[in-house]
Amino acid sequence: MFFRDALVDGLRSYSASRGRPLHSNQWGKIKFSLQFVALNFCFLSQLAGRDACDATAWAANATLALALGFSLPGCVVWGRAARGNAQSE
């Protein structure tokens, strides 16, 4: 997770130095919110009893899968922006 954040920050800085900043979009915000919910499910699974642990772990995995689905449109947006930056140089 740290590597991804460092990579994104580097790409944003590079793009901004070229005069074409890459802004966050709604897909990334939805993905982050779903990851936050999944993390809370993980914490709950550690606090829950044996019977509830499986259900909360399943909910965490399902929420992370949904977050992955929401990250894909954001990748397309970033790809288009990166191509636009490369063509303008």
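- Counting all heavy atoms, side chain and backbone alike, A57 lies closest to S45 at N-CB, 4.0 Å.
- Of the possible polar contacts, one joining the S17 side chain to the Y14 backbone as a donor-acceptor pair under 3.5 Å is found.
- When the side chains of ILVMFWY residues are joined at heavy-atom separations under 4.5 Å, either directly or via intervening members, L66 and I30 end up in a single hydrophobic cluster.
- Residue L39 belongs to a hydrophobic cluster whose other members are F43, with links defined by side-chain heavy atoms closer than 4.5 Å.
- Contact detail for T63 and L34: the closest heavy-atom pair is CG2-O, 3.1 Å.
- A search for ring pair (Phe, Tyr, Trp, His ring centres under 6.0 Å) contacts involving F70 returns W27, not counting sequence neighbours.
- Going from atom OG of S71 over to atom CD of Q35 covers 8.0 Å, rounded to the nearest 0.5 Å.
- Residues A60 and F41 come closest through the heavy atom pair CB-CB, 3.6 Å.
- In this structure the side chain of W58 never reaches within 4.5 angstrom of the side chain of D54, judged on heavy atoms.
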